[in-house]
Amino acid sequence: MNTGFGNFFLDPSSRSSQLYQQAVKLMPGGNSRSTVFFSPHPFYALRGHGCIVTDVEGVERIDFHNNFTSLIHGHADPDVIKAVTDQLQLGIAFGAPTESEIELANLITERISSTEQVRFANSGSEAVLMAIRAARAFTGREKIAKFEGSYHGCYDNVEVSVGTAPEEMGPITNPISVSDSEGIPSRVLRETVALPFNNQEAVASIIERNHNTLAAVIADPMPWRSGLIPPQEGFFQFLRQITRRYGILLIADEVMMFRLAYGGGQETFGMEPDLTTLGKIIGGGFPVGAVGSSSEIMQVFDPTSGRPRVPHGGTFNANPVTMVAGKVTLEKFNAPAIKRLNALGESLILKLNQLFSQARVKAQVTGVGSILRIHLTSKPLTDYRSSFLDPRRKEIMSRLFFKLLDSGFIIVPQGLVCLSTPMTVKEVNDFVSAMETSLATLIEEYPEIRF
Ligand code: PMP
């Protein structure tokens with residue numbers, strides 16, 4: 001392994017810098033994916049193997065980013081490569097279904113008890129779009145509710161109250177729906193109701209006020225952009241009761257949290273949703289999305305009696321390359337593998353929290369199992385507002401991100417960290433050591449982070 005990490009990719013003469021200069025001419029800000037940009041520019045990846053990513057400078061780093069959590073078995077998993085290569089020989093895509101989609105559908109419905117049937121799409125965003133449309137068709141209502149700070153992809157109705165500064169969000173008991181993007185029609189804000197996470201009283205009163213117009217409430221079991229804070233005891237049981245009382249469908253957005261348990265985050269937190277959206281790991285690293293539910297609700301997509309109530313096309317839906325990759329990925333991500341990875345992740349959470357208190361740094365780690373988030377604050381965290389990164393904390397987090405990169409570790413710049421199955425205790429311990437070294441110099445630059 002190349003141990004001369006360093007952030008060479010930032011040197012103007014580096015290959016990454018040169019590629020970036022070409023990219024800015026061809027793509028706005030050199031970018032096709034807002035979520036992977038960081039300033040001044042990202043490094044360009046060359047290859048990945050197991051839990052190691054090599055950039056175009058030839059620098060190898062341990063990958064705790066995993067393409068935003070989607071690579072559960074890390075890079076170039078031999079079983080995924082074999083399945084995909086075999087499928088490529090057979091054909092990349094057909095204007096016909098393949099057996100592979102039945103196999104993946106079978107694995108998913110077997111694992112998620114609330115899901116009798118599924119449909120595949122190409123991204124989590126599409127899955128969310130179709131779940132919301134199905135909920136609207138099924139209930140005959142138009143509004144949806146989502147939690148403040150939660151990200152559910154780039155679909156108009158859910159790009160509301162995502163990255164808003166708390167002071168623009170209105171009172172916690174009655175949050176304002178704020179658009180997260182220009183170009184979203186204002187009627188969308190009237191259709192999307194914002195809810196505060198982990199606040200039963202406020203959620204009850206907002207839902208009661210909108211009960212006969214709400215088609216669905218969409219909830220990520222542990223939304224990372226809201227701080228990766230677990231639901232408080234009883235929160236999802238309360239949400240289930242109140243939505244059921246008013247005939248509002250509950251959508252569990254498991255695009256990221258399916259990794260938490262064999263049956264996903266809904267199993268971990270006792271959610272009992274009507275619909276489930278999936279993505280990321282179920283495609284074995286390839287573009288994917290899926291929506292699942294009871295056969296009764298999924299009937300809205302059924303084309304057998306003429307035009308479906310909700311038509312759902314997509315040139316690449318249930319693409320066989322993705323399907324076979326997803327199948328081997330889920331087969332390997334079985335109960336013992338999940339248990340081992342969760343234990344490894346829990347040990348990282350514990351060790352980082354111990355390090356922060358020993359180093360007397362105002363920081364903490366939230367999360368469950370194999371996914372965690374670093375927060376540079378010692379304040380109690382309960383929801384999006386309490387975990388919001390003000391500009392100063394954002395700056396310090398960014399410095400920490402670069403220091404970790406410099407020590408050979410890739411995380412999501414906002415502090416999200418996730419594990420992959422090729423990782424062992426060694427990678428976890430090395431990460432903790434890198435954090436210790438990074439903190440030593442971070443404290444010198446920002447003495448305010450000490451208590
Ligand atoms: N829902 C959740 C909970 C997500 O985390 C994401 C992506 N991070 C999405 C939906 C959108 O998925 P995609 O990026 O595949 O469109």
Side-chain angles (χ1 to χ4, degrees), residues 31-37 65-72 112 118-135 144-163 180-181 192 195 197 216-231 236 250-260 264-266 268-269 271 273 275-292 312 314 316-319 322 325-326 329 366-373 384 387 411-418:
N31 180 259
S32 257
R33 189 179 171 200
S34 313
T35 43
V36 294
F37 179 79
H65 183 300
N66 289 301
N67 192 22
F68 260 105
T69 78
S70 62
L71 294 161
I72 196 74
I112 306 181
V118 286
R119 283 181 81 83
F120 293 103
N122 301 291
S123 66
S125 300
E126 280 177 54
V128 165
L129 184 162
M130 295 317 298
I132 290 175
R133 197 173 285 170
I144 64 134
K146 72 172 288 287
F147 288 92
E148 286 185 334
S150 287
Y151 179 72
H152 300 285
C154 54
Y155 163 52
D156 280 5
N157 268 111
V158 287
E159 286 234 69
V160 173
S161 298
V162 181
D180 205 51
S181 166
T192 304
L195 300 171
F197 196 64
V217 173
I218 185 165
D220 181 330
M222 188 168 64
W224 88 266
R225 295 230 199 155
S226 315
L228 204 75
I229 295 155
F236 282 135
L250 180 59
I251 306 172
D253 184 356
E254 296 259 17
V255 169
M256 209 177 244
M257 293 304 143
F258 184 56
R259 62 164 48 227
L260 287 184
Q266 56 193 265
T268 304
F269 301 123
M271 229 175 145
L275 291 121
T276 296
T277 50
L278 295 155
K280 302 207 196 264
I281 71 168
I282 68 152
F286 287 81
V288 78
V291 52
H312 171 217
F316 298 106
N317 289 358
N319 178 272
T322 301
T329 296
T366 57
V368 169
S370 62
I371 186 158
L372 46 134
R373 187 167 171 183
Y384 173 72
S387 65
I411 67 167
V412 174
Q414 296 85 354
L416 184 70
V417 176
C418 72

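As the structure lists them, so they are numbered: ligands from 1, and atoms in each ligand from 1.
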Would you kindly specify which portion of Phe68 sits under 4.0 Å from ligand 1, judged on non-hydrogen atoms: side chain, backbone, both or neither? neither
Strictly less than 4.0 Å: does any protein heavy-atom distance to atom 13 (P) of ligand 1 fall in that range? yes
Check side-chain hydrogen bond (donor to acceptor under 3.5 Å, both in side chains) between Asp156 and all other residues, then give those that pass, not counting sequence neighbours. none
With Asp253 via side-chain hydrogen bond (donor to acceptor under 3.5 Å, both in side chains) - residues at least two apart: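 Scan of Asp253 (side-chain hydrogen bond (donor to acceptor under 3.5 Å, both in side chains), adjacent residues dropped) gives His152, Thr277.
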Using a 3.5 Å distance criterion without hydrogens, assess whether the side chain of Glu254 forms a donor-acceptor pair with backbone atoms of Gly265. yes
May I ask you to decide if Ser226's main-chain N or O and Ser387's side chain share a donor-acceptor pair within less than 3.5 Å? yes
Can you name the one residue among Val160, Val217, Ile132 that meets side chain to side chain contact (heavy atoms under 4.5 Å, CB included) with Ile144?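 The side chain to side chain contact (heavy atoms under 4.5 Å, CB included) with Ile144 is passed solely by Ile132 among Val160, Val217, Ile132.
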Proximal ligand 1 atoms for Ser123, defined as those under 4.0 Å from one of its heavy atoms: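 Counting atoms of ligand 1 from 1, those under 4.0 Å from Ser123 are 15 (O), 16 (O).
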Heavy-atom contacts with His152 under 4.0 Å: which atoms of ligand 1 show up? List them by number with element. 1 (N), 9 (C), 10 (C)
For [atom], which protein heavy atom lies nearest, and how many Å away is it?
{"atom": "atom 15 (O) of ligand 1", "value": "Gly124 N, 2.8 Å"}
{"atom": "atom 16 (O) of ligand 1", "value": "Ser125 OG, 2.6 Å"}
{"atom": "atom 1 (N) of ligand 1", "value": "Asp253 OD2, 2.6 Å"}
{"atom": "atom 4 (C) of ligand 1", "value": "Val255 CG1, 3.8 Å"}

Under 3.5 Å: N/O of Trp224 near N/O of ligand 1: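 Among all N and O atoms of Trp224, none is under 3.5 Å from an N or O of ligand 1.
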Would you say Asp220 has any N or O atom under 3.5 Å from an N or O of ligand 1, going by distance alone? no
Value for CD1 (Ile251) from CE (Met271), rounded to nearest 0.5 Å, stands at 10.0 Å
Gln266 side chain to Thr276 side chain, donor-acceptor N/O pair below 3.5 angstrom: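 Side-chain D/A pair, Gln266 to Thr276: present.
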Option nearest atom 8 (N) of ligand 1 (shortest heavy-atom distance, choices Lys280, Glu126, Met222, Arg225): Lys280
With heavy-atom distances below 4.5 Å as the criterion, would you say the side chains of Val128 and Ile218 are in contact? yes
